[in-house]
Undergrad: 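Before I ask anything, here is the structure I am working with.
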Amino acid sequence: MNAAEMGRDPGQGSPVLFIVIPCYNEQEVLPITAPMFLEKLKSLIERNKISDLSRILFVNDGSGDQTWNLIRAFARQEEHFIGISQSRNRGHQNAVLAGLMEAKDKCDITISVDCDGQDDLNAMDAMVEEYLAGSEVVYGVRSKRDTDTFFKRFTAESFYKLLNAMGAEVVYNHADYRLISARVLRELAGFEEVNLFLRGLVPLVGFSSSTVYYERHERLAGKSHYPLAKMLALAFDGITSLSVKPIRIITLFGFFVAFLSFVGILWALIAAILGKTVAGWTSMTCIICFVSGIQLIALGVIGEYVGKTYLETKRRPRYIISERTWEEPENRRDG
Ligand code: UDP
Ligand code: MG
């Protein structure tokens, strides 16, 4: 398939939509949700909101189970289903990017959504409407989190607050359910970072955007791949790949500690002059512990940025597609 065959015909008729769906070990939930995606796509096509050349693009993120076989079977049965497979598991963000980059020359708009049915598919109608009304990016925002446990809600909300406080601007309560036009995707392709945090990156591309609210449901089957540890890692990656605020905070803190040290030295000198020196073991130990602790934290954070720089300088490909459910012309490059 190439752009012409896929019928990209900007400015004429209804837009071609690609729904991009990352899947990692989702054999339990895919048979349930795939027909739901298809139904939504067909209803949009029937109402002439989108072109019949629209597709549902599954991205297999190196699953170890039957996920890829399922996707291939879907693609054989129904032309609206297509799929690509990553050569190994690269994580949610890279899987979404692989799908978006694959789609960008074949369609006018993409909607990325998780495959577990947690995000209300009906919000897609409103997203397409917003696009037709002139928005290039439409963020899906969770209106409430009733179905999440208190713990998940608390950690997720702290996640957004922490990111914003640390200078990584993200849309509150917006995960990776969003519409992006092909035009914005072509610009996004120019952001070549390997440490990927799409939620922070898409707002940086700019263009007119709007939001659509939806209710978040429970996962229809299977289990979450985002336990607390992974969420913390994502928050940390998000902050350190988008903002240098932590370094600034450390510098400020360094000044503060230096000031305290200065006061401490004065105090020590005065005490010595007055002849009131005692065996100052406690104060010595406290100061050494405190300062060395601070230094280690500071080194760690700086090391994080150095590490990121190291990874970026390698310019490794961000995704590698090993298989597609269709034939591609040769000499195509990915990455
Ligand atoms: N996912 C992925 N690669 C991974 C982990 C997750 O492609 O390494 C996909 C997964 O199949 C799902 C989406 O990312 O479609 C979100 O994952 P999940 O539902 O487990 O996270 P949660 O909604 O609980 O935060
Ligand atoms: Mg989920």
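Read the numbers this way: they start at 1 and go in the same order the structure lists the ligands and their atoms.
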Undergrad: Quick one: do the His80 and Asp52 side chains pair a donor with an acceptor below 3.5 Å?
TA: yes

Undergrad: Would Tyr214 and Tyr177 count as a close aromatic pair, with their ring centres under 6.0 Å?
TA: yes

Undergrad: So does Tyr213 have more than 12 non-hydrogen atoms from other groups sitting under 6.0 Å from OH?
TA: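 No, OH of Tyr213 has 12 or fewer neighbouring heavy atoms, counting only those of other groups under 6.0 Å.
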
Undergrad: Any chance the side chains of Glu323 and Asn60 put a donor and an acceptor closer than 3.5 Å?
TA: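 Checked: Glu323/Asn60 side chains show no N/O donor-acceptor pair below 3.5 Å.
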
Undergrad: Which residue holds the protein heavy atom closest to atom 1 (N) of ligand 1, what is that atom called, and what is the gap in Å?
TA: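 Scanning the protein heavy atoms, the shortest distance from atom 1 (N) of ligand 1 goes to Tyr24 CB, 3.7 Å.
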
Undergrad: The test is salt bridge (Lys or Arg N to Asp or Glu O under 4.0 Å); show your working for Lys42 and Glu78 and say whether it passes.
TA: CA-CA 12 Å; Lys42 289 207 162 152; Glu78 163 62 57; 3.3 Å; yes

Undergrad: Any non-hydrogen atom of Arg216 lying under 4.0 Å from ligand 1?
TA: yes

Undergrad: Name the closest protein heavy atom to atom 17 (O) of ligand 1, giving the residue it belongs to and the distance to 0.1 Å.
TA: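 Here the closest protein heavy atom is Tyr226 CD1, 4.0 Å.
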
Undergrad: Nearest protein heavy atom to atom 22 (P) of ligand 1, by residue and atom, and its distance?
TA: Ser224 OG, 3.7 Å

Undergrad: From atom 9 (C) of ligand 1, work out which of Pro22, Ala98, Ser63 has a heavy atom at the shortest distance.
TA: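 Heavy atom nearest to atom 9 (C) of ligand 1 belongs to Pro22.
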
Undergrad: Looking only at protein heavy atoms, which one is nearest to atom 8 (O) of ligand 1, and what is the separation?
TA: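 The closest heavy atom on the protein side is Asn89 ND2, 3.2 Å.
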
Undergrad: Are Val184 and Val16 joined in one hydrophobic group, where the rule is that I, L, V, M, F, W and Y side chains link up if heavy atoms are under 4.5 Å apart?
TA: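 Cluster IDs for Val184 and Val16 match.
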
Undergrad: What's the shortest distance from atom 14 (O) of ligand 1 to any protein heavy atom, and which residue and atom give it?
TA: His92 CD2, 3.2 Å

Undergrad: Under 2.8 Å from the Mg ion (ligand 2) - does any N, O or S atom of Asp116 fall there?
TA: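 For Asp116, the answer is yes, given that an N, O or S atom comes within less than 2.8 Å of the Mg ion (ligand 2).
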
